[in-house]
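Structure record follows, encoded as structure tokens.
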There are 2 protein chains.
Amino acid sequence: MALSTRIKGSPTAPRISDEALRPFVGYSIKRAMNVIRADLRDVLDPMDLRMITFSALTLIGDNPALSQAQLAAALSVERPNLVAVIDELYGRGLISREKVPTDRRTYALRLTTQGARLLARATEAVQAHEDKLLEGLDPDDLATLRRVLADIERNGTERS
Amino acid sequence: MALSTRIKGSPTAPRISDEALRPFVGYSIKRAMNVIRADLRDVLDPMDLRMITFSALTLIGDNPALSQAQLAAALSVERPNLVAVIDELYGRGLISREKVPTDRRTYALRLTTQGARLLARATEAVQAHEDKLLEGLDPDDLATLRRVLADIERNGTERS
DNA sequence: TATTGTTATACTCTATAACTATA
DNA sequence: TATAGTTATAGAGTATAACAATA
């Protein structure tokens, strides 16, 4: 099976340039994101996880008893789009949902033992994937990358 | 209408942390990408363009007479997914498709006058959007960002 | 045999409106 | 009135297999 991260396109036709789009930082971010998504898919597929289910497990593990609305806000995901995710994780026995006595609209989400176990495995695999992807890059540059990405995110969300 | 770049989630529920995901650069890239996508949508919607149609117009303008396969390779998009894009641009009179005598399987794509005009307008709008998004950021940091993103993309695609 | 453009298809992601039950 | 979780839905984005025409 061809890895989803393979180089696309014909091996014979002369490659043309995407220089005209490179001035746009958004374009470079999108290309990097597509590479990461494809790699991450290969990593998470064997565990039957996707980016969103992995992210949800991680935040539930780190913020026990949080609600779906809190999770949606933390992940910047629309609440309706989390319903199927939570259903899936719950159906697989990876999380529990307890009713909250003080607010009967909400559920408190927690990892089950099995969920914590899978999350640990997945985290290790994802970390290894990231390490490979960032191999050889300067730590200072990576720190700058994180900071600038956060700045961009803030510039975009603040100007609403 | 609420801008799509608004901050999601409840204004009252205590915000919980996504710190557990921040060690993953991929997570920060995805969040930044989502912000950019939403903003760009607001910018391109009035011109009936999407990221992919804008990108296609840009590369066709910069590489006249290229083929769909070349365009797909340059954009890292699967060829089938370009068919509807090209159909749309052609149907709106923004590009031309001439048969190539030396290879009758392919079409040579070019901007029409109208396509060039729309592209010029769109490019200006997208550039203004980027300028706002990158406002206040250090030019050296932005240069680092571009370089590191390219490195990540290469690390990911080379290891196929 | 291999490539181009295409059809068909499926899954994922993102977004919005509107409902219910609770607050 | 407003929020939490939900249903329904629609539009994008991404990926793969397979076909006809052509190389």
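Per chain, numbering begins at 1; letters A, B, ... match sequence-line order.
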I'd like to know if A:E153 pairs up with B:K30 as an ion pair, taking the criterion as any Lys NZ or Arg NE/NH1/NH2 lying under 4.0 Å from an Asp or Glu carboxylate oxygen.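 Here A:E153 does not pair with B:K30 in a salt bridge, since their nearest N and O are not under 4.0 Å apart.
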
OP1, OP2 of C:dT4 versus side-chain N and O of B:K99: anything below 4.0 Å?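 So the side chain of B:K99 is outside the cut-off, no N or O lying under 4.0 Å from OP1 or OP2 of C:dT4.
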
Tell me whether the side-chain N/O atoms of B:R50 come closer than 4.0 Å to OP1 or OP2 in D:dG13.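 Answer yes for this pair, as a side-chain N or O of B:R50 is under 4.0 Å from OP1 or OP2.
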
Applying the side chain to side chain contact (heavy atoms under 4.5 Å, CB included) test to A:V148, which of B:D138, B:L137, B:V148, B:T144 qualifies?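 For A:V148, the side chain to side chain contact (heavy atoms under 4.5 Å, CB included) test succeeds with only one of B:D138, B:L137, B:V148, B:T144, which is B:L137.
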
Starting from P on C:dT14, measure out to CZ on B:R31 and report it in whole angstrom.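 Answer to the nearest Å: 11 Å.
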
Can you tell me the distance, in whole Å, between the CZ atom of A:R37 and the C1' atom of C:dC13?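 Going from A:R37 (CZ) to C:dC13 (C1'), I get 8 Å.
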
Relative to the 5' end of DNA chain D, which residue comes earlier, A:K30 or A:S67, by the nucleotide with the nearest heavy atom?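 First, find each residue's nearest nucleotide; the 5'-ward one identifies A:S67.
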
Pick the closest DNA chain D nucleotide for A:L66 and for B:D45 by heavy atoms, then say which residue is nearer the 5' end.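 Here A:L66 is the residue nearer the 5' end.
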
Is it the case that the base of D:dT3 and the side chain of A:R105 share a donor-acceptor contact (distance under 3.5 Å, atom types as modelled)?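 Present.
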
Assess the side chains of B:Q68 and B:R97: does a donor N or O sit below 3.5 Å from an acceptor N or O?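 Side-chain D/A pair, B:Q68 to B:R97: present.
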
Axis-to-axis angle between the two ends of the helix from C:dT1-D:dA23 to C:dA23-D:dT1 (five base pairs per end, rounded to 10 degrees):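 End-to-end axis angle: 0°.
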
Which pairs, protein N/O on one side and nucleotides 6-10 of chain D N/O on the other, fall under 3.5 Å?
unit_1	atom_1	unit_2	atom_2	d
D:dT6	OP1	A:R97	NH1	3.2
D:dT6	OP1	A:R97	NH2	2.9
D:dT6	OP2	A:Q68	OE1	2.9
D:dT6	OP2	A:Q68	NE2	2.8

